[in-house]
Protein chains: 2
Amino acid sequence: MERHEEVLVALRRIIRAIDLQSRQLLQRSGLTGPQLLTLQAILRHGPLGVGGLARLINLSQGTVTTILDRLERKNLVARSRSTTDKRRVVVTLSADGEQALASAPTLLQEHFIRAFSELSDWEQNLILSSLQRVAGMMDAYKLDAAPVLETDELNGPFSI
Amino acid sequence: MERHEEVLVALRRIIRAIDLQSRQLLQRSGLTGPQLLTLQAILRHGPLGVGGLARLINLSQGTVTTILDRLERKNLVARSRSTTDKRRVVVTLSADGEQALASAPTLLQEHFIRAFSELSDWEQNLILSSLQRVAGMMDAYKLDAAPVLETDELNGPFSI
DNA sequence: CAGAAATATTTTGAACTCAAAATACTTCTT
DNA sequence: AAGAAGTATTTTGAGTTCAAAATATTTCTG
């Protein structure tokens, strides 16, 4: 097996572990990972537009809309149209939302956080920078690809 | 921001990049990432039961069933009941499936594979072992919960 | 051998995710 | 001011994912 395939296997394990954690979270607190992440982002950054929120948590706008639908149904957030620019929808935390956040579990499994914290400083840094490096290599294309869409790149590196 | 939170941010970027790659794949070849992964596993390991397939690619049995539904609808795989043990469903690649696999793109973006391959040997190993370490810390609990899998179609606990 | 326990798979119900199309509003141009 | 162009959000349609319940078969036990 080539090394980049082993990378994929490791990533699939990680992705699955995160998904399972999200489902456990739902059982314990009624909030899934993405929902909790969304609430945390609003808490940290204050009232936000949907687009800004999406960029902050690395999700598409449409995805954030459906997450907000669920949070709104549970009365954890409120949506309101901005008065200055009525195209914008501003999302705020409700009192219930703050309450839910305060009592919510962590997004990563407790035992992962513990294990990670017990690593030495340089090991933590090594792991973090490896992850950031992989992330950078994977989403690098977004930076140069967006402007180039006009040119006929359809027969480019990804053709069948 | 604490370091384990930065870990989560990096992981979210990676997860998103992989999802987007899967959708590009679908545009170009008609197969999504999980579908391609499933076909590859069958090619490598020969006809498989659904459960073995699920363990091989780190997905639940129910998930694999829905993926197989789509692959079967496209005539890329065939399901048949095992004659020796009729509880089991055996999945095989069709001729079309082999053909599709032969002409399919890679699961990771070409440019990621290129960038990764250009790293020095020790850098590749460093990244791979960091990912494996994170994966291990995340799904460690499963090992206590579920005893050893002893299936003859499974070479190692997480091989693809 | 008949019923119970175990194993394998599918179905069901809910959440997440995206691209692309549709909608709503603002700002720029003429 | 009227229409065009741009920006922000939601809707639509499809795929992925899981746990838990339902179904199908086999193997064990009395």
Side-chain angles (χ1 to χ4, degrees), chain A residues 12 15-38 48-55 57-74 79-91 139 142 146 149, chain B residues 12-13 15-38 48-55 57-74 79-91 142 145-146 149-151 153:
Chain A
R12 292 201 60 78
I15 290 171
R16 184 168 202 208
I18 289 178
D19 183 33
L20 294 179
Q21 163 68 358
S22 170
R23 285 167 208 269
Q24 279 220 336
L25 219 66
L26 181 60
Q27 301 263 309
R28 293 186 207 287
S29 70
L31 291 172
T32 63
Q35 290 172 13
L36 184 49
L37 189 66
T38 300
L48 277 170
V50 177
L53 191 50
R55 279 188 298 275
I57 59 182
N58 264 300
L59 292 173
S60 78
Q61 205 152 249
T63 301
V64 171
T65 290
T66 68
I67 293 170
L68 289 176
D69 289 344
R70 293 189 191 92
L71 292 175
E72 200 174 27
R73 201 176 341 121
K74 291 186 241 182
R79 278 192 259 219
S80 57
R81 277 254 181 297
S82 160
T83 46
T84 56
D85 178 348
K86 283 203 283 255
R87 290 171 306 180
R88 317 193 74 225
V89 166
V90 178
V91 185
D139 62 16
K142 281 198 293 192
L149 278 181
Chain B
R12 292 201 59 81
R13 281 173 63 195
I15 290 171
R16 182 166 203 210
I18 288 178
D19 183 35
L20 294 179
Q21 162 69 358
S22 171
R23 285 166 208 269
Q24 279 221 336
L25 219 65
L26 182 61
Q27 301 262 308
R28 296 184 203 283
S29 71
L31 292 172
T32 63
Q35 290 172 14
L36 184 48
L37 188 67
T38 301
L48 279 169
V50 177
L53 191 51
R55 282 188 296 274
I57 58 181
N58 266 299
L59 292 173
S60 78
Q61 204 153 251
T63 301
V64 171
T65 290
T66 69
I67 292 170
L68 289 176
D69 288 344
R70 292 190 192 91
L71 292 175
E72 200 175 25
R73 200 176 342 120
K74 292 187 239 182
R79 276 192 261 220
S80 57
R81 221 103 207 167
S82 160
T83 46
T84 56
D85 179 347
K86 283 201 283 245
R87 288 171 307 181
R88 319 193 72 226
V89 166
V90 178
V91 185
K142 280 200 299 193
L149 304 168
E150 6 128 35
T151 316
E153 54 196 24

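No hydrogens, no waters, no symmetry mates; every other heavy atom, side chains included, goes into these values. In what follows, chains are A, B, ... by sequence order, proteins preceding strands, each numbered from 1.
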Minimum-distance nucleotide (side-chain atoms of [X] versus [options]):
| X | options | answer |
| --- | --- | --- |
| B/R16 | D/dT16, D/dG6, C/dC18 | C/dC18 |
| A/Q27 | D/dT17, D/dA20, C/dC18 | D/dA20 |
| A/D19 | C/dA20, C/dT17, D/dT17 | D/dT17 |
| B/S60 | D/dT17, C/dA15, D/dC18 | D/dC18 |
| B/I67 | C/dC18, D/dT26, D/dT16 | D/dT16 |
| B/Q61 | C/dT9, D/dA8, D/dT26 | C/dT9 |
| B/R88 | C/dT9, D/dT25, C/dA19 | C/dT9 |

I need the [atom1]-[atom2] distance between [X] and [N], as an integer number of Å.
| X | N | atom1 | atom2 | result |
| --- | --- | --- | --- | --- |
| A/L59 | D/dT10 | CG | C1' | 16 Å |
| A/R70 | D/dT11 | CZ | C1' | 14 Å |
| A/R12 | D/dT17 | CZ | C1' | 10 Å |
| A/L68 | D/dT9 | CG | C1' | 11 Å |
| A/Q24 | D/dT17 | CD | C1' | 15 Å |
| A/K86 | C/dT27 | NZ | C1' | 15 Å |
| A/R87 | C/dC25 | CZ | C1' | 6 Å |
| B/D69 | C/dT11 | CG | C1' | 10 Å |

Between [X] and [N], is there a contact of a side-chain N or O with OP1 or OP2 at under 4.0 Å?
| X | N | result |
| --- | --- | --- |
| A/T65 | D/dT10 | yes |
| B/T66 | D/dT16 | no |
| B/Q35 | D/dT16 | yes |
| B/R79 | C/dT10 | yes |
| B/T63 | D/dT16 | no |
| B/R23 | C/dA20 | no |

Mark yes or no for whether A/T38, through its side chain, and A/P34, through its backbone, hold a donor-acceptor pair below 3.5 Å.
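Yes: the side chain of A/T38 pairs with the backbone of A/P34.
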Of A/T83 and B/D85, whose nearest nucleotide on DNA chain C comes first from the 5' end?
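Counting from the 5' end, the first nearest nucleotide belongs to B/D85.
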Upstream residue (5' side of DNA chain C) when A/G33 and B/R81 are each assigned their closest nucleotide
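Of the two residues, B/R81 wins.
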Could you measure the distance from the [atom1] atom of [X] to the [atom2] atom of [Y]? Nearest 0.5 Å is fine.
| X | Y | atom1 | atom2 | value |
| --- | --- | --- | --- | --- |
| A/T83 | A/R81 | OG1 | CZ | 12.0 Å |
| A/N58 | A/D139 | CG | CG | 7.5 Å |
| A/T32 | A/I67 | OG1 | CD1 | 6.5 Å |

Electrostatic pair B/R23:B/D19 at N-O distance under 4.0 angstrom:
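Looking at B/R23 and B/D19, the cut-off is met.
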Mapping B/T32 and A/V50 onto DNA chain D by nearest heavy atom, which one lands closer to the 5' end?
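By nearest-heavy-atom nucleotide position, the 5'-most residue is A/V50.
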Applying a 4.0 Å non-hydrogen cut-off, can you work out what A/G62 is touching in the nucleic acid: base, sugar-phosphate, or nothing?
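It contacts base atoms.
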NA contact type, A/R73, heavy-atom cut-off 4.0 Å: base, sugar-phosphate, or nothing?
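Nothing, no heavy atom under 4.0 Å.
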Which of these passes side chain to side chain contact (heavy atoms under 4.5 Å, CB included) with B/R79: B/V90, B/T65, B/L71?
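Only one of B/V90, B/T65, B/L71 forms a side chain to side chain contact (heavy atoms under 4.5 Å, CB included) with B/R79, namely B/T65.
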